[in-house]
Amino acid sequence: MRYDFVVIGNSAGGIGCVEAIREKDRESSVLVISAEKYHAYSRALIPYYLDGKIDFERMYYRPPDFYEKMNVDTKLGVKAVGIDVEAKKVLLESGESVEYDKLLIATGGKPFIPPMEGLAEQSNVFTFLKMDDVLAVEKAIKDAKRVVVLGGGIIGLMASEVLAKKGLEVKVVELADRVLAPVVDEITSRRVEKKFEEHGVEIILNNTIAKVVGDERVEKVVLRDGRELETDMLIVAVGVVPNVEIVKDTPIKVNRGIVVNRKMETSVKDVYACGDCAEIYDFIFGANRVLPLWPTAYTGGRIAGFNMLGEEREYTLATSMNAMHFFDYYIINAGLNVPNDSEEFEVIYKQEGDSYRKFALKDGRIAGFIIAGKMERAGIFLRLMEEEIDVSPFKDKLLKDDFGYIDIPEPIRWELLEEKVKLGVVREI
Amino acid sequence: MAKIRVITKPEVCMGCHLCEVWCTVAHSRSKDIIKAFMYEQPRAQPRILVEEDLPETFALQCRHCEEPKCVAACIAGAMYKDEDGVVLHDESKCVACYSCIMACPYGAIRINLETKKPLKCDLCKGLDYPYCVMKCPNNALEVVVEAEEFV
Ligand SMILES: Cc1cc2nc3c(=O)[nH]c(=O)nc-3n(C[C@H](O)[C@H](O)[C@H](O)COP(=O)(O)OP(=O)(O)OC[C@H]3O[C@@H](n4cnc5c(N)ncnc54)[C@H](O)[C@@H]3O)c2cc1C
C-alpha cells in the first residue's frame, strides 16, 4: 500500500493536518492510522463526559462522516510500531507496512508514572488521558467512596473536581508546595486550592506516594511523610511525556520530544511531527519546548499539512496557553509563568474579589499574563503578545475589567483592526 | 452568489448601542423587539459589542477569520467554519472551556450570561440580512458587496 500522505495519530494534530490538506487538495491519497479504535474524539473532553455534561457522542471531535467527506482512508485500532525512513514505510503491529510520500507523526503523549513501591497492575489504578481511561474510571466509581489522585496539575485537578461532584471523598497528593505550580503563579494556585477545599477536596502538598498497599486492588497508599490514606481508587495524573517510541530506531532527532523546525519538519526529510509528541519553537520562551496543548497540536498539524502539500508555511506563534476552570472559577493564561516579585520582568496586577489580572512585561512587551474572574476579551492580550506591541503607554488600562481595543491608543488600535474590522469580513450570500 | 463584508465606521458611530439591541432581537425566538425584551425567557443576548471611551465608539463583532483561531483552539469541535465561510458555534457540543475566548484576537466572543457558554456573531445566518447593519441609524455598520458570481 502506498499513500501520498500518511498521518499517525487521529487527534488534534492529525485532524489539523488532514483538514489543511483537504482545504487545498481533494485528490491526493491520505491515510490516518490510530492505535485507538475510536472515531476522532477529543481527549480534553473526558472530564466533561465523566461529569455528565456531554454524552458519549459529543466526545467526537468531528461528525461521523468526517473521513468520508475528507476522502481519507483510516486504520483505526492499529498501532504503528516503527518507521523505515530509507524505504519511506510505516511498519504496523500486524506486520503490514504502508509506504508514504510524506509522513506526519502526531502520536501525542503518554502518561508518566513515577516509581512507587508496590505498584503492580492493580485493577483500581487509573490514568486519565484517553477514552478507555475514562470508561474504566466511570465503571470503577460505581462502587467507590474514596479516591486518591496523584498530581495537582490541570488534569489531576479536573479529574478531582468531577469525582468530588460525584460524591467521592477526594484527596489530591502533590509534590510541589502548591497546585498548578508550573502553570500559574502562587496567587492563582492558592485560589484554586481554596476552591477545592471549599468543595471538600483535601489537597496534600509537599508530598507524594511512596508505597501502595494491596495485591489485586490498591487498598491504601503510604505517603512520603508516612501518612496513610485508605482508598478505593488511585488515579495517577502526574504528567504527560511525549510518546516518541515510534521513532526509536530511526535517525529522527529527539530531545524531550521530536524536534521540529517552524515548518514542522523533523530532522529527516519528508517526515513531519506536531502536537504532544513534538518539541516546537515557543516564540515567548525563545527556544524549542514541548507544548502539550490542543490548539498547538491542531495548528502544528495544520502547518505541517500545508508544508506536506508543498505550500510553505511556518508556525511562528506557538506559546504556552491555557483556558481552565475549577468549580466555575475560570482562568486563562499564556506565555511565561512569572512570579509577582520577579526582578527580570515588570509585573503589574490587580486583585479584586475573585477577579485577578496580572501581566509580566519585558521591554514593554507582554511576556505572560493571567486573567481570572472576568474572562471576556482575554484573547486580545494574546494578540498583543503575538504582535509584540509595546504596551507601556497604556499598561495601566490592561488591568481594567473591561479592557478592549478602545483602550489601545491610536494609531496602534487601527493598525491592529484596520484590515479586518474597518475593512470588513467576508460572508457569501 | 455574492461575497459580503461587514465593515465598521468608527467615525460615524454614535454609540447608541442599537446594534446590540437588534442583535438581541435577531437572536430571539420571535424576532420582535418587545417580545424579545419583555417576554422571552431566557432573554436573547447580543453577540456584537460597542467599544466605547466617549466620545469614541465603534461596534465590533466576530470577523469570521480566514483561518479562525477559535476553531483551532476549540477542544470540543464546537466551533467550525461552514461552507459559506461563516464561523459558527454549536452550543450543544460546547463545554464552556473558554479556549475560544483565549484564542480570539478580537475579543469578539461574548459569554452567555445564562448558560456561561460562548456567544458569537453568526452574521444572522438564516435571516435575510444582518440586523446590526440593517438597523444602524447612521450607517456605522455597513455591508459591502465584494464580488458577485452568477451561476
Ligand atoms: C483530561 C485532559 C484534559 C485536557 N484539557 C485540555 C484543555 O482544556 N486545553 C488544551 O489545550 N489541552 C488540553 N489537554 C491536552 C490536549 O488534549 C492535548 O494537547 C492534545 O490531545 C494533543 O493532541 P495530539 O494530536 O498531539 O495527540 P493525542 O491527542 O495524544 O493523540 C495521539 C494520537 O496518536 C495515536 N497514536 C499514538 N501512538 C500511536 C502508534 N504507535 N500508532 C498509531 N497511533 C498512535 C493515538 O491513538 C491518538 O489518536 C487535555 C488533555 C487531557 C488528557
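Worth knowing before you read on, the calculation uses all heavy atoms, side chains too, and leaves out hydrogens, waters and symmetry mates. Here the structure is a predicted model, which means the values were calculated and not measured. Chain identifiers are assigned alphabetically (A, B, ...) following the order of the sequence lines, protein sequences preceding nucleic acid strands; residue numbering begins at 1 within each chain.
Most heavy-atom pairs under 4.5 Å with chain A: of the set A96(B), A108(B), A103(B), this distinction falls to A96(B). Heavy-atom pairs under 4.5 Å with chain A were tallied for C97(B), C94(B), A78(B); the largest tally goes to C97(B). Interface check for chain A: of the options I109(B), D53(B), I101(B), the most heavy-atom pairs under 4.5 Å are formed by I101(B).
Contact record, I332(A) with Y98(B): CD1-O, 3.8 Å, taken as the closest heavy-atom pair. Residues F306(A) and E67(B) approach most closely at CE1-OE1, 3.8 Å, considering heavy atoms.
Within the 3.5 Å criterion, the main-chain N or O of Y405(A) finds a donor-acceptor partner in the side chain of E51(B). Looking at S99(B), its side chain never comes within 3.5 Å of a backbone N or O of A323(A) through a donor-acceptor pair. Between the side chain of E376(A) and the backbone N or O of G107(B), no donor-acceptor pair lies under 3.5 Å.
Within the 4.5 Å cutoff, no side-chain heavy atoms of M102(B) are placed close to those of M324(A). Looking only at side-chain heavy atoms (C-beta outward), K69(B) and R383(A) stay at 4.5 Å or farther from each other. Counting heavy atoms from C-beta outward, I406(A) and F58(B) have side chains that approach closer than 4.5 Å.
For the pair K81(B) and E19(A), the salt-bridge criterion is not met [side-chain N within less than 4.0 Å of a carboxylate O].
For residues 48-60 of chain A, heavy-atom neighbours of chain B at less than 4.5 Å comprise Y48(A), I54(A), R58(A), Y60(A), sorted by residue number. Against chain B, the residues from residues 313-322 of chain A that qualify, each with a non-hydrogen atom under 4.5 angstrom away, are R313(A), L317(A), M321(A), N322(A) in number order. Along residues 294-302 of chain A, the residues that come nearer than 4.5 angstrom to chain B, judged on non-hydrogen atoms, are W294(A), P295(A), Y298(A), T299(A), R302(A) in order of number.
E386(A) touches chain B through its side chain: at least one heavy atom from C-beta onward sits under 4.5 Å away, while N, CA, C and O do not. Looking at K397(A), only its side chain comes within 4.5 Å of chain B, counting heavy atoms on both sides. Residue contact with chain A, scored on non-hydrogen atoms closer than 4.5 Å, involves the side chain of L49(B) exclusively. Looking at R377(A), the atoms closer than 4.5 Å to chain B (heavy atoms on both sides) sit in the backbone and in the side chain alike. Interface remark: C74(B) contributes backbone atoms only to the contact with chain A (heavy atom separation under 4.5 Å).
Judged as a salt bridge (charged side-chain N to carboxylate O under 4.0 Å, His left out), and not counting sequence neighbours, the contacts of K395(A) are E346(A).
L60(B) contributes atom CG, which lies 6.5 Å from atom CG of L417(A) (distance to the nearest 0.5 angstrom).
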